[in-house]
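One structure below.
Treat the numbers as computed from the prediction; the structure is a model and nothing was measured.
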Amino acid sequence: MTLDVPAVPSPAARDVWSTISRPPLFLTTKPEYDFRAGVPDAGLFPFEIWQDHLARQFRDLPRERLTYEDPRGHAGLRTQIARRLELARGVQVRPDAVLVTGGSQQALDIAAKVLLRPGDRVAVENPGYPPPRQVFTALGARPVGVPVDEEGIVVEAIPPGCRLVYVTPAHQFPLGMPMSARRRAELIAWAGRHDAVIVEDDYDSDFRFTDDPLEPLYVLDPGRVIHLGSFSKVLLPALRLGFLLAPPALRIAMEKAKYFTDLFSPSVEQAALARFMADGELTVHVRKAQAEYRARRKALIWLVRRDFADVLTLLPASAGLHVTATAPAGMWPLVRAARRAGVWLYSLGDFTEPRDSLHGLLLGYGAVPSDRVQTGLGRLRELM
Ligand SMILES: Cc1ncc(COP(=O)(O)O)c(C=O)c1O
């Protein structure tokens with residue numbers, strides 16, 4: 001007997017998803033030489049201390065705290081984040097202003113959901129970090145790439161009518177320079193005139209190597225700037241913990257958006273992180289990691305200047321986990337060959353719109369130990 005099953009149309013995703021590029025493949029094995037930008041060294045993470053904190057939280061947290069929790073985040077963690085922002089970044093906020101999120105990616109998604117209507121124009125940096133563009137597109141907004149020069153986003157090139165501007169002022173992604181004080185003031189004034197909101201992605205400013213850091217944009221206008229912070233670079237991406245500071249007028253909507261996104265972030269990890277910070281472990285870790293990254297960065301810059309001067313020109317950068325170098329021609333064939341040879345890195349052209357409109361390489365020093373920088377770069381040189 002054959003069953004007569006009526007033909008049912010397959011479910012269809014909204015058209016927009018066919019226009020959004022796939023996220024990069026996740027590497028299942030560690031590359032021999034890992035020069036990827038933005039990847040911290042998991043080997044520097046204090047696993048034993050962290051395990052103790054986690055175990056202590058599981059043992060000590062009252063059982064009633066292991067159910068549904070405050071969507072805004074663990075109260076102790078919000079206090080610690082506010083304290084650290086004041087000490088490390090000169091931002092004075094009350095814990096009430098902090099919303100704990102699943103990394104800064106979720107913070108961005110929440111901000112976009114709260115603010116954007118279909119058809120809204122949104123300014124993003126070009127070159128820039130691709131995911132914000134995709135998040136805005138998925139919501140039906142229209143991202144517009146705005147050029148970046150040595151001072152940061154070119155404010156006068158932001159088209160009128162943009163409701164939101166996404167920027168990386170502490171360490172422009174991918175070029176690396178901080179936004180100048182003059183440009184910061186211009187951007188804040190622009191946002192005020194156009195009634196726009198600025199999303200400030202502060203993803204990796206914990207590691208600084210040269211100049212004194214400028215205050216975040218949030219300090220200049222807490223009523224108009226949404227500040228996104230992350231524990232991914234300073235600790236581990238696997239923790240999936242970050243936060244946002246919302247202007248008071250947006251706070252309640254942001255809290256609701258967080259609630260309807262995932263109810264709340266994992267509470268045991270939040271409690272462990274609060275303790276880790278309160279005990280000064282984060283400060284100790286940043287100090288150690290910063291010294292290690294400083295040595296790798298120094299070795300990398302020295303070798304690039306010595307061995308690649310005919311091809312690569314390093315751009316100035318004072319923070320973060322990568323440096324960027326420009327090149328006279330497209331780097332994609334080299335990057336592909338390098339990956340096949342076990343050297344993982346990104347081409348600058350992957351972060352421009354249109355693709356490959358700038359040539360160069362991003363050289364990360366987060367995940368490649370100092371004693372492997374030279375051999376890794378040596379292998380890259382052989383492929384040129
Ligand atoms: C500019 C920028 N923002 C945000 C992120 C993601 O941060 P999180 O892991 O906190 O979501 C990254 C990760 O590489 C990044 O480069």
Side-chain angles (χ1 to χ4, degrees), residues 38 40 72-73 76-101 103-105 107-108 111 129 151-153 165-173 176-185 187-188 191 197-235 239 241-248 250-251 254 270 273-274 276-291 293-294 317-321 366:
R72 298 171 303 169
L77 179 58
R78 297 168 79 207
T79 303
Q80 290 304 323
I81 292 172
R83 209 168 273 169
R84 180 166 164 78
L85 279 168
E86 180 168 359
L87 291 175
R89 312 285 284 122
V91 182
Q92 292 200 341
V93 277
R94 289 156 45 103
D96 281 2
V98 179
L99 180 69
V100 177
T101 58
S104 56
Q105 179 66 27
L108 172 81
Y129 181 57
E151 293 193 64
I153 193 166
V165 183
Y166 165 87
V167 284
T168 47
H171 183 226
Q172 203 277 335
F173 190 95
M177 69 290 173
M179 190 184 290
S180 69
R182 184 174 61 165
R183 210 45 82 68
R184 286 169 194 247
L187 181 59
I188 294 286
V197 171
I198 299 167
V199 173
E200 168 177 50
D201 184 351
D202 201 43
Y203 64 109
D204 72 351
S205 66
D206 298 276
F207 301 119
R208 302 207 67 87
F209 303 104
T210 49
D211 56 2
D212 282 338
L214 290 167
E215 282 171 334
L217 289 170
Y218 183 84
V219 175
L220 299 180
D221 193 348
R224 212 165 263 293
V225 177
I226 299 172
H227 179 92
L228 315 184
S230 175
F231 289 100
S232 292
K233 314 298 176 187
V234 73
L235 287 172
L239 295 180
L241 285 173
F243 60 91
L244 67 76
L245 302 179
L250 299 176
R251 225 162 266 168
M254 297 277 189
Q270 288 190 67
L273 181 55
F276 184 85
M277 292 172 82
D279 288 357
E281 304 292 359
L282 182 64
T283 311
V284 171
H285 171 69
V286 171
R287 210 174 296 137
K288 278 194 195 148
Q290 166 127 342
Y293 293 143
R294 184 188 292 280
S318 52
L321 293 178

Legend entry - Identified side-chain contact (heavy atoms from CB on, under 4.5 Å) partner of Leu244 from the options Leu99, Leu108, Leu250: Leu99

Inset, instruction - For residues Arg224 and Ala191, report the shortest heavy-atom separation together with the two atoms involved. - result: NH1-O, 3.6 Å

Legend entry - Considering all heavy atoms, the nearest Pro222-Pro248 contact: O-CD, 3.9 Å

Legend entry - Phe209 CZ to Tyr293 OH distance, which is reported to the nearest 0.5 Å: 8.5 Å

Inset, instruction - Report the residue from Arg89, His171, Lys233 that forms a side-chain hydrogen bond (donor to acceptor under 3.5 Å, both in side chains) with Ser205. - result: Arg89

Legend entry - Backbone N/O of Phe243 and side chain of Thr101: donor-acceptor pair under 3.5 Å: yes

Legend entry - Side chain Asp279, main chain Glu281, donor-acceptor under 3.5 Å: no

Inset, instruction - Kindly indicate whether the side chain of Leu235, heavy atoms from C-beta on, has any atom under 4.5 Å from the side chain of Leu241. - result: no

Legend entry - Heavy-atom closest contact (Ile226 atom, Ala111 atom, distance): CD1-CB, 3.9 Å

Inset, instruction - Determine whether Arg78 and Val100 make a side-chain contact, defined as any pair of heavy atoms from C-beta on separated by less than 4.5 Å. - result: yes

Inset, instruction - Please tell me if the side chains of Ser232 and Ser104 come closer than 4.5 Å, counting only heavy atoms from C-beta onward. - result: no

Inset, instruction - Indicate yes or no: at least one non-hydrogen side-chain atom of Leu282 is less than 4.5 angstrom from one of Phe231. - result: yes

Legend entry - Approximate separation, where rounding is to 0.5 Å, of Ile198 CD1 and Leu187 CG: 4.0 Å

Inset, instruction - To the nearest 0.5 angstrom, please state how far the CG atom of Asp204 sits from the CG atom of Leu321. - result: 5.5 Å

Legend entry - Non-hydrogen atoms of Leu85 and His227 that approach each other most closely: CD2-NE2, 4.2 Å

Inset, instruction - Please confirm whether the backbone N or O of Asp96 pairs with a side-chain atom of Arg72, one donor and one acceptor, at under 3.5 Å? - result: no

Legend entry - For the student: nearest non-hydrogen atoms of Leu217 and Pro169, plus distance: CD1-CG, 3.6 Å

Inset, instruction - Indicate the atoms forming the closest heavy-atom contact of Tyr218 with Val225, along with that distance. - result: CD1-O, 3.3 Å

Legend entry - Asp206 side chain near Arg84 side chain, heavy-atom distance below 4.5 Å: yes

Inset, instruction - Please answer whether the main-chain N or O of Glu215 pairs with a side-chain N or O of Arg184 as donor and acceptor at a distance below 3.5 Å. - result: yes

Inset, instruction - Starting at CD of Gln290, measure out to NE2 of His285 and round the result to the nearest 0.5 Å. - result: 11.0 Å

Inset, instruction - For the residue pair Tyr203 and Leu228, establish whether any side-chain heavy-atom pair is separated by less than 4.5 Å. - result: no

Inset, instruction - Apply the side-chain contact (heavy atoms from CB on, under 4.5 Å) test between Gln172 and each candidate in Met179, Glu151, Met177; give the one that qualifies. - result: Met177

